[in-house]
Participant: 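Handing you this structure, nothing more for now.
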Amino acid sequence: MTKTYDNIVGLRDRTSEEEEQYAKDQKEYQDNIVPKKLAYIKELRLQRLIETDYLANSDVTMPDNVKTWRQTLRDLPANHTDEAAYDALLARDADGNLTNSVWSKP
């Protein structure tokens with residue numbers, strides 16, 4: 001039996017029903033992790049695009065490197081389709097900063 005922490009009793013063994021529920025919850029979490037990662041990537045992408053939307057005004061000339069970067073951001077979901085690619089996009093350094101170059105504004 002696996003131990004679990006109970007606020008009243010303290011550390012105790014899980015019941016078989018709790019073990020089943022825990023396994024079910026873990027499976028549900030793992031089954032939904034990829035869509036959650038994709039949603040987070042899309043949220044990050046949208047934030048970066050919003051930060052540079054002012055450059056798309058008619059009275060501003062957007063540099064070519066920014067145009068290319070914005071297109072790369074818009075292409076993210078189509079160009080990265082598996083969990084390994086999502087993990088690479090969401091990799092962070094020790095300070096919690098995203099490390100993939102696609103997130104760096106040119």
Side-chain angles (χ1 to χ4, degrees):
M1 285 256 154
T2 305
K3 299 281 187 183
T4 191
Y5 187 78
D6 186 316
N7 288 337
I8 298 170
V9 178
L11 199 57
R12 65 171 176 80
D13 289 332
R14 286 189 195 135
T15 65
S16 59
E17 293 84 19
E18 289 172 330
E19 284 286 343
E20 289 175 24
Q21 185 62 45
Y22 179 78
K24 182 180 172 184
D25 292 345
Q26 288 298 310
K27 182 180 180 333
E28 182 180 340
Y29 177 80
Q30 289 302 321
D31 289 348
N32 293 320
I33 193 81
V34 172
K36 288 178 183 178
K37 286 180 182 180
L38 179 58
Y40 185 55
I41 289 168
K42 287 180 177 181
E43 181 182 324
L44 291 170
R45 175 193 66 179
L46 181 61
Q47 289 173 356
R48 299 305 190 287
L49 289 170
I50 288 171
E51 289 172 4
T52 57
D53 274 349
Y54 73 94
L55 294 171
N57 291 338
S58 61
D59 61 340
V60 178
T61 303
M62 188 182 305
D64 287 339
N65 63 342
V66 175
K67 287 180 187 177
T68 304
W69 178 67
R70 285 174 56 89
Q71 186 61 50
T72 301
L73 289 174
R74 286 192 296 273
D75 292 342
L76 273 181
N79 294 342
H80 299 81
T81 57
D82 64 348
E83 188 174 359
Y86 296 162
D87 290 339
L89 286 170
L90 296 174
R92 294 182 180 268
D93 61 15
D95 296 328
N97 301 316
L98 292 164
T99 57
N100 194 295
S101 63
V102 75
W103 303 117
S104 301
K105 198 182 314 181

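We count residues from 1, following the sequence as given.
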Participant: If hydrophobic clusters are built from ILVMFWY residues whose side chains come within less than 4.5 Å, do Ile33 and Ile41 share one?
Facilitator: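 Ile33 and Ile41: one cluster.
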Participant: Residues in salt bridge (charged side-chain N to carboxylate O under 4.0 Å, His left out) with Asp82, at least two apart?
Facilitator: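 Partners of Asp82 by the salt bridge (charged side-chain N to carboxylate O under 4.0 Å, His left out) criterion come out as none, since no residue qualifies.
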Participant: For Asn100, check side-chain hydrogen bond (donor to acceptor under 3.5 Å, both in side chains) against everything at least two apart and list the hits.
Facilitator: none
Participant: If only atom types and distance count, is the side chain of Trp103 paired as donor or acceptor with the main-chain N or O of Arg48 below 3.5 Å?
Facilitator: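 Looks like no, no N/O pair under 3.5 Å.
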Participant: Under 3.5 Å, sequence neighbours excluded: what are the donor-acceptor pairs made by side chains of residues 54-68?
Facilitator:
from	atom 1	to	atom 2	distance (Å)
Asn57	ND2	Tyr54	O	3.2
Thr68	OG1	Asp64	O	3.0

Participant: Suppose we screen for salt bridge (charged side-chain N to carboxylate O under 4.0 Å, His left out). Which residues come up paired with Lys105, at least two apart in sequence or across chains?
Facilitator: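 Result, salt bridge (charged side-chain N to carboxylate O under 4.0 Å, His left out) vs Lys105: Glu51.
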Participant: Go through the structure and list residues passing side chain to side chain contact (heavy atoms under 4.5 Å, CB included) with Leu49, not counting sequence neighbours.
Facilitator: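 Leu49 satisfies side chain to side chain contact (heavy atoms under 4.5 Å, CB included) with Arg45, Arg70, Leu73, Arg74 once adjacent residues are dropped.
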Participant: With sequence neighbours left out, write down each residue that passes side chain to side chain contact (heavy atoms under 4.5 Å, CB included) with Asn79, or none if nothing qualifies.
Facilitator: Asp75
Participant: Considering residues at least two apart in sequence or located in another chain, which fulfil the salt bridge (charged side-chain N to carboxylate O under 4.0 Å, His left out) criterion with Glu20?
Facilitator: none
Participant: Using modelled atom types and a 3.5 Å cut-off, is there a donor and acceptor pairing between side-chain atoms of Asp93 and backbone atoms of Asp95?
Facilitator: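 Answer holds: yes.
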Participant: Please name the residue in the list Val102, Leu90, Leu76 that meets the side-chain contact (heavy atoms from CB on, under 4.5 Å) test with Leu44.
Facilitator: Leu90
Participant: Under the side-chain hydrogen bond (donor to acceptor under 3.5 Å, both in side chains) definition, can you give me all pairs with a residue in residues 31-41, not counting sequence neighbours?
Facilitator: Lys27-Asp31, Lys37-Glu83, Lys37-Asp87, Tyr40-Arg92
Participant: Does Gln21 have any side-chain hydrogen bond (donor to acceptor under 3.5 Å, both in side chains) partners at least two apart in sequence or in another chain, and if so, which?
Facilitator: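 So Gln21 forms a side-chain hydrogen bond (donor to acceptor under 3.5 Å, both in side chains) with Asp25.
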Participant: Taking all heavy atoms of Trp69 and all of Ser104, pick out the closest pair and write down the distance.
Facilitator: NE1-O, 3.2 Å
